[in-house]
Structure formats: C-alpha cells, structure tokens
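As structure tokens, the structure follows; a few thoughts come after it.
Convention: sequence-line order gives letters A, B, ...; per-chain numbering from 1.
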Amino acid sequence: MDYTRRGLLRGAGTAGALVAAFATGALRPADVFAAWNKSAFDAKSTADAMKALNVAGAADSTDIVIRAPDIAENGAVVPIDITSNIPGTESISLFVDKNPFPYVGTFDVAKGAMPYVHVRVKIGESSNVRAVVAAAGKYYQAAKEVKVTIGGCGG
Amino acid sequence: MGDPMKIRAKLEGDIADVRVLMAHPMETGQRKDAAGKVIPAHFIKEIRAELNGKVVWTADISQAVSRNPVFAFKVKGAKGGDKLRITWEDNTGDKRTDEITLGS
C-alpha cells in the first residue's frame with residue numbers, strides 16, 4: 001500500500017523514538033515493522049481514513065467477497081472473512097463506517113499469502129463493513145451491512 | 001510479553017491454512033472503569049508472519065479488532081517441516097513471537 005509523504009512526516013515522531021531504541025540496542029533492524037499509518041487510524045470517518053491511505057476513489061467491485069453475519073448479536077466479536085478474486089491483489093484494508101475510528105487495518109498479502117483474511121472486529125452500531133483491495137496499483141472496494149444488537153464499544 | 005499465541009496450520013498442497021489466536025486485551029481507550037476513569041488504550045498494532053525467516057504476511061491493525069484477536073490467512077509455497085513464526089507488537093512496545101513447525 002502506498003503511504004503518502006504527509007503520513008510519513010506525521011509518523012516522524014514515532015521514528016524518533018525508534019532511532020532512540022536503535023541507539024540503546026533495544027531493537028534490531030529486523031524487528032522494525034513498516035510504518036503504522038497513524039493519520040489513517042486516527043481518522044474519524046471512512047472517507048478521511050481512505051484519503052490518508054491514498055485509496056480514496058476506489059472503484060466498486062463485485063470480485064471482493066465479504067462474509068460477515070447479517071445480524072451480529074454481540075458487536076464486540078464480529079467474525080469477518082474477506083476474499084479478493086481480483087488478480088494481483090496486494091493488500092486488503094478493512095473499515096467499519098460507523099465506528100468512532102472506522103479504519104480497522106490493512107493486511108498485506110503481496111509477499112506470499114493468498115488474497116484472503118479472517119479477522120474478528122468490534123462494531124459499535126449497525127454499520128457497513130467496507131473492504132478496500134489494492135491490486136496492480138489500482139484500488140477496489142466492496143461493502144456489506146452488519147446489524148448489531150449489542151454494541152462493541154461498551155464492553 | 002503476553003501469553004503464548006495459539007498457532008495452528010493445516011497444509012493443503014503447498015498452501016498453509018493458518019489460524020492464530022493472540023492473548024491480548026485490545027483495550028480501545030474509549031471505555032471507563034467503575035470509578036469513571038478512562039482505561040488507557042492497549043492494543044496490538046502490527047503483526048508479521050514469517051515462513052522460514054521470510055516475511056509472507058503482515059497486518060497493521062487498530063483497537064477495533066476484538067479482544068484476544070483471531071486471524072486466519074493462507075500462505076503460499078509452504079511444505080512440511082517449514083518454520084512459521086508470528087510476531088506481534090502493541091502500542092506500548094510490548095511484543096511476542098511464537099513459532100511452529102508445519103505438518104507436525
């Protein structure tokens with residue numbers, strides 16, 4: 001997934017902490033993960049999160065299959081399966097539109113995994129669950145509604 | 001350092017069907033305790049799966065993932081005897097790595 005330069009700059013504070021960690025030997029280079037896109041995770045709407053991830057304007061696609069319950073009795077644990085049938089799928093990102101912070105995460109499958117992921121998420125209120133797939137430099141999306149009878153944010 | 005992950009992998013041809021359960025509170029930072037004090041956010045941010053030392057799957061996630069997260073994914077080009085290692089790191093810098101041998 002492409003991260004914007006702005007996103008990288010915003011992450012610079014974290015980078016400083018990492019440099020300090022290197023200096024003290026607490027971290028070996030191999031232990032460092034890719035930059036966690038804080039601006040996308042902090043976004044309060046799916047549209048803003050997609051902008052921060054540089055995937056705004058993803059085309060609707062029927063080749064992304066989202067399997068999730070129509071009605072979730074417990075919003076704290078909603079199982080979601082996403083399979084992408086788009087050739088060259090590199091990553092799958094997941095959003096829950098009505099959560100306080102809609103961006104759930106990105107699963108990178110480009111380096112030797114199948115275009116599939118299963119994850120269990122919290123859903124605060126009935127909402128669309130949205131998957132965005134990056135494939136060969138293009139972005140695609142699909143959504144599915146999940147109705148929630150007990151919220152996932154009150155515990 | 002959290003409790004050990006439960007990693008299970010089933011080989012179907014050269015594809016490893018992996019399921020992993022991590023023990024983690026995944027606290028959102030939105031909840032309050034009985035005294036009305038906000039419980040600080042505490043969640044896994046990044047996960048990495050390696051097959052024989054090569055990164056094959058990564059995830060950047062938020063506090064929206066359920067408590068004691070479960071993930072399933074499929075790794076290509078796997079065979080019996082391969083080492084599958086999974087590492088997570090949370091927002092406090094805590095991390096945990098566990099490894100299994102496929103087909104055993």
Side-chain angles (χ1 to χ4, degrees), chain A residues 1 3 14 17-18 21 26-27 30-38 40-43 49 53 74-83 91-96 99-124 129 152-155, chain B residues 12-22 25-34 39 41 43-78 82 84-85 87-91 93 95 97:
Chain A
M1 177 139 309
Y3 292 119
T14 329
L18 280 177
L27 273 177
D31 283 342
V32 178
F33 292 94
W36 195 78
N37 192 324
K38 189 173 187 312
F41 281 109
D42 283 347
L53 289 167
N74 179 2
V77 186
V78 183
I80 295 175
D81 274 47
I82 304 168
T83 305
S91 74
I92 299 170
S93 300
L94 177 62
F95 304 82
V96 179
N99 269 5
F101 301 101
Y103 180 39
V104 175
T106 294
F107 305 92
D108 188 337
V109 297
K111 300 182 197 81
M114 305 285 284
Y116 156 83
V117 69
H118 166 90
V119 58
R120 296 177 186 176
V121 302
K122 298 167 195 159
I123 300 183
V129 170
C153 294
Chain B
E12 289 163 1
D14 70 339
I15 292 169
D17 196 341
V18 182
R19 287 182 84 81
V20 54
L21 167 71
M22 303 168 184
M26 297 302 283
E27 200 53 70
T28 60
Q30 309 258 318
R31 297 200 310 147
K32 291 180 177 146
D33 63 15
I39 305 169
F43 58 95
I44 293 173
K45 287 173 78 171
E46 304 187 280
I47 307 160
R48 175 180 62 200
E50 291 159 276
L51 187 69
N52 296 329
K54 179 182 165 281
V55 175
V56 288
W57 183 89
T58 63
D60 284 11
I61 59 164
S62 77
Q63 63 276 27
V65 171
S66 301
R67 187 163 176 263
N68 296 335
V70 172
F71 299 95
F73 53 93
K74 293 176 180 175
V75 176
K76 286 186 282 196
D82 283 357
L84 178 74
R85 185 190 301 151
T87 303
W88 59 250
E89 182 169 348
D90 73 16
N91 65 323
K95 54 172 72 177
T97 301

Checklist entry - Side chains of B:Thr87 and B:Ile47: does their closest heavy-atom pair fall under 4.5 Å? => result no

Without placing hydrogens or testing angles, list every side-chain donor-acceptor pair under 3.5 Å for residues 12-22 of chain B, not counting sequence neighbours.
none

Item to check | Non-hydrogen atoms of B:Asp33 and B:Ile39 that approach each other most closely | outcome: N-CG1, 3.8 Å

Next on the checklist: Which atoms of A:Val78 are under 4.5 Å from chain B, going by heavy atoms: the side chain, the backbone, both sets, or neither?
Outcome noted: backbone

Item to check | chain A contact via B:Lys32 - which portion, at a heavy-atom distance below 4.5 Å | outcome: neither

Checklist entry - With only heavy atoms counted, which part of A:Phe107 is less than 4.5 Å from chain B, the side chain, the backbone, both or neither? => result both

Checklist entry - When rounded to the nearest 0.5 angstrom, what distance separates CZ in B:Phe71 from CD1 in B:Ile44? => result 6.5 Å

Next on the checklist: For chain B, which candidate among A:Ala40, A:Gly105, A:Pro79, A:Ala113 shows the most heavy-atom pairs at distances under 4.5 Å?
Outcome noted: A:Ala113

Next on the checklist: Let's test your reading of the structure: which of A:Pro102, A:Gly112, A:Ala110 forms the most heavy-atom pairs below 4.5 Å with chain B?
Outcome noted: A:Gly112

Checklist entry - How would you list, by chain and number, every residue that makes a salt bridge (Lys or Arg N to Asp or Glu O under 4.0 Å) with B:Glu50, sequence neighbours excluded? => result B:Arg48, B:Arg85

Checklist outcome for this item: Answer key: most heavy-atom pairs under 4.5 Å with chain A among B:Gly77, B:Ser62, B:Ala49 is B:Ser62

